[in-house]
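A quick write-up on the structure given underneath.
Chain identifiers are assigned alphabetically (A, B, ...) following the order of the sequence lines, protein sequences preceding nucleic acid strands; residue numbering begins at 1 within each chain. Just so you know, these numbers come straight off a predicted model, no measurement behind them.
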Amino acid sequence: MIPLAKIALVDCNNFFCSCERVFNPALQGKPIVVLSNNDGCIISRSEEAKGLGIPMGAPLHEQQEVIRKNNVQVFSSNYTLYGDMSARVMSILREEVPAIEVYSIDESFLQLPHNFDEEMARALRSKVLQWTGIPVCIGIASTKLLAKLANRHAKKTKELTGGVFDLTNYWNPEAILADTPTGGLWGVGKNLAQRLEGMHITTALEFKYADPSAIRRSMGVVGERMLRELNGIGCLELEEVPPDRKGVMASRSFGSPMESLEELEEALANHVARAAEKVRRFGLLATGMEVFLRTNRFRKDQPQYSPSIGATLERPTHATAELMTTARTLLQRIYRPGYRYKKTGVQLTNLVSEEEYQPGLFDLLDPAIPGRIDVDKIVDEINRRLGDPKNPVITRASQGTDRRDNLGKAWKMRAERHSPHYTTDWNQLPEAKA
DNA sequence: TCTGGGGTCCTAGGACCC
DNA sequence: TCTGGGGTCCTAGGACCC
């Protein structure tokens, strides 16, 4: 029998709190918490803080009493520090295994050699702790979903297992599944847990033996994939190279709500600048943009309005001023007076690489007429250059859409099908025959 | 009164094409 | 002129993750 692939999930314990402790060892054994960006929520808790009943994600103001009474140390988050610590941990892991996927700032999946056992995992754990000061837990299984589950068990039974648990080597793995509520599975949130409960599925074990077609009907492909992963059939690959970024977002909540368009514009300008800078840093160009507004969702007594709107940009860009023009237009379209806005943000979407971007159809757009593309003109021009009226490259442009990328796709498809002259570079299209 | 930010993937439904 | 099946592509919004 071919042994199943072994996958480990390494997860740093209370990562942000652990980082703070590395730089201030006096905090060992004391209750501490780390706050979100605006110091609004508690996003990391030490074991001692968890013991005090402080929940994950709790608003700080709700916990002030407990914090004061128990002398809990409170930290604003310091992402530079955490990023740096994360890199150190990951580089140690990378040296020990054939392949690694860094899944988040404090977690990574490892591809393990077949002979990798719990002893080796413990040694790895010690090494990370000794070299970086960060304690981790390691779960081992045959699929990513099960590795997550094994890690959860390792964490829960840290005292007993030493923070390492190998599901593939456990005498009764189904007992662990039976002990895991569906909500504890990776990918099952509140909503899906409820839906599963409606099907009388409350544990990972019940999920494992559920009817696949029923799962498919009620949870779609996501559910079916989880079902397979639970049965040891790997559906989720190890992604060593992170896929290209799809979008970049910048948003913030306001300390106090804003009502006027001018205030919102100012806030948005900030976000556009930050997002554009990030895009430049990645060496990318944005071809689309989304802008959104949110009222305070916690104020049920106030009217709610959370619009969002998207647009395709005139041309791919990462220039702040250019982006701001579009952002302002979009904001004006969704802005309604009379609401108390609590948050706004911008997302730059459909990013393309600066290097790979070849100006093509975009050059045919008339910048004097924002948002307008003369489809017929482009079609005629392409056909004219190819010079065969009986067999035009494009017989009809896709109607009812002004999406440039769509047009580009239509062009490409047809060109491939019909033309020996196919090229993605507009400038290389042959001139029309005399 | 105070309650984060930045992501990904999937689906439903509309518009359009052949 | 009417009708249907089989597609693609897009947007908005839901759900989830860390």
Side-chain angles (χ1 to χ4, degrees), chain A residues 9 11-12 14-16 34-44 55-64 76-77 79 82 86 102-108 144-145 148 183 185-195 216-226 235-236 239 242-257 271 274-275 278 288 290 292 294 296-302 306-312 334 340 342-351 375 394-410 412-414 417:
Chain A
L9 178 74
D11 192 323
C12 303
N14 319 324
F15 183 54
F16 297 168
V34 174
L35 303 178
S36 62
N37 255 336
N38 285 351
D39 287 352
C41 293
I42 291 162
I43 55 169
S44 181
M56 178 64 178
L60 177 62
H61 67 89
E62 283 177 8
Q63 304 297 322
Q64 290 293 13
S76 291
S77 39
Y79 286 98
Y82 309 150
S86 172
V102 176
Y103 175 68
S104 75
I105 194 163
D106 71 335
E107 268 176 77
S108 60
K144 280 176 149 185
L145 184 71
K148 273 272 199 186
L185 287 169
W186 183 38
V188 179
K190 221 170 78 183
N191 222 280
L192 291 183
Q194 222 169 52
R195 200 171 301 179
R216 169 88 205 206
R217 263 198 310 280
S218 122
M219 299 173 69
V221 293
V222 183
E224 204 173 351
R225 224 161 21 212
M226 289 194 283
C235 299
L236 307 169
E239 291 173 15
D244 285 339
R245 201 55 88 121
K246 302 256 164 72
V248 160
M249 169 139 76
S251 70
R252 282 282 180 283
S253 297
F254 310 132
S256 55
H271 300 147
R274 272 194 300 134
K278 216 186 227 183
E290 269 180 54
F292 68 86
R294 301 263 181 279
N296 189 343
R297 64 196 167 97
F298 297 105
R299 295 293 300 266
K300 307 284 184 213
D301 56 320
Q302 290 179 357
S306 299
S308 72
I309 188 171
T312 301
I334 52 174
R340 296 162 62 79
K342 185 69 176 138
K343 183 176 182 176
T344 186
V346 64
Q347 184 160 22
L348 300 180
T349 59
N350 302 325
L351 304 178
V375 172
I394 300 181
T395 50
R396 186 162 23 153
S398 163
Q399 290 166 5
T401 169
D402 62 357
R403 299 283 305 182
R404 265 159 249 172
D405 51 354
N406 204 13
L407 181 62
K409 273 176 208 150
K412 187 172 175 242
M413 264 163 37
R414 283 175 198 284
R417 224 176 284 158

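- The distance from the OG atom of A:Ser253 to the CG atom of A:Asn38 is 6.0 Å, given to the nearest 0.5 Å.
- Of the listed nucleotides (B:dG6, B:dG5, B:dC2), B:dC2 has the atom at the smallest distance from the side chain of A:Asn296.
- Residues passing the ring pair (Phe, Tyr, Trp, His ring centres under 6.0 Å) test with A:Tyr79, sequence neighbours excluded: A:Phe16, A:Tyr82.
- Under the 4.5 Å side-chain criterion, counting only non-hydrogen atoms from C-beta, A:Ser251 is in contact with A:Phe292.
- By the 4.5 Å heavy-atom criterion applied to side chains, A:Met219 and A:Leu192 are counted as neighbours.
- A:Lys342 places its NZ atom 8 Å from the C1' atom of B:dC2, with the value rounded to the nearest Å.
- Protein atom NZ of A:Lys246 is 14 Å distant from nucleotide atom P of C:dC10, rounded to whole Å.
- C:dG13 atom P lies 11 Å from atom CD1 of A:Ile309, rounded to whole Å.
- Within 4.0 Å of A:Ser308, counting heavy atoms only, lie sugar-phosphate atoms of the nucleic acid but no base atom.
- Listed candidates were B:dG5, B:dG6, B:dT3. Nearest to the side chain of A:Arg245 is B:dG6.
- In this structure, A:Asn37 places its CG atom 10 Å from C1' of B:dG6, rounding to the nearest Å.
- With B:dG4, C:dA15, B:dC2 as the choices, the nucleotide that has an atom nearest any side-chain atom of A:Pro257 turns out to be B:dC2.
- Applying the side-chain hydrogen bond (donor to acceptor under 3.5 Å, both in side chains) rule to A:Lys148 yields the partners A:Glu107; only residues at least two apart in sequence or on another chain are considered.
- Here the nucleotide nearest the side chain of A:Arg195, chosen from B:dG5, C:dA15, B:dC9, is C:dA15.
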Between protein and nucleic acid, restricted to nucleotides 16-18 of chain C and to nitrogen or oxygen atoms under 3.5 Å apart, what atom pairs and distances do you find?
residue	atom	partner	partner atom	Å
C:dC16	OP1	A:Gly189	N	3.1
C:dC16	OP1	A:Asn191	N	3.3
C:dC16	OP1	A:Leu192	N	2.6
C:dC16	OP2	A:Asn191	N	3.2
C:dC16	O3'	A:Gly187	O	3.4
C:dC17	OP1	A:Gly187	N	2.6
C:dC17	OP1	A:Val188	N	3.2
C:dC18	OP1	A:Lys148	NZ	2.5
C:dC18	O3'	A:Ser104	OG	2.7
C:dC18	O3'	A:Asp106	OD1	3.1

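- Taking every side-chain heavy atom of A:Ile43 into account, B:dG4 is the closest of B:dT3, B:dC10, B:dG4.
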### Task
Verify side chain to side chain contact (heavy atoms under 4.5 Å, CB included) between A:Arg340 and A:Asn296, making sure each step is shown before the conclusion.
CA-CA 7 Å; A:Arg340 296 162 62 79; A:Asn296 189 343; over 6 Å; no
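- Of the listed nucleotides (B:dG4, B:dG6, B:dC10), B:dG6 has the atom at the smallest distance from the side chain of A:Arg252.
- In this structure, the CZ atom of A:Arg299 is 8 Å from the C1' atom of B:dT1, given to the nearest Å.
- Atom name P, nucleotides C:dC17 and B:dT3: the rounded distance is 24 Å, in whole Å.
- For the C1' atoms, the distance from B:dC2 to C:dC18 is 24 Å, rounded to whole Å.
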### Summary
Base-pair string, DNA chain B, Watson-Crick plus G-U, cut-off 3.5 Å on both distances, | for inter-strand, is ....||||||||||||||
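- Using a 4.5 Å cut-off on side-chain heavy atoms (C-beta onward), A:Leu351 and A:Asp244 make no contact.
- With sequence neighbours excluded, the residues forming a side-chain hydrogen bond (donor to acceptor under 3.5 Å, both in side chains) with A:Arg216 are A:Glu224, listed by chain and number.
- Atom-to-atom, CE of A:Met219 to P of C:dA15 comes out at 12 Å; the value is rounded to the nearest Å.
- Residue A:Ala58 is classed as having no contact, given no heavy-atom separation below 4.0 Å to the nucleic acid.
- In this structure, the nucleotide among B:dC10, B:dG5, B:dT3 sitting nearest to the side chain of A:Asn38 is B:dG5.
- C:dG14 atom C1' lies 14 Å from atom CD of A:Gln194, rounded to whole Å.
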### Steps toward side chain to side chain contact (heavy atoms under 4.5 Å, CB included) verdict (A:Trp186, A:Lys144)
CA-CA 9 Å; A:Trp186 183 38; A:Lys144 280 176 149 185; 3.9 Å; yes
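- A search for ring pair (Phe, Tyr, Trp, His ring centres under 6.0 Å) contacts involving A:Phe15 returns nothing, not counting sequence neighbours.
- Summarising the geometry, the separation between CZ on A:Phe254 and P on B:dG5 is reported as 10 Å, rounded to the nearest angstrom.
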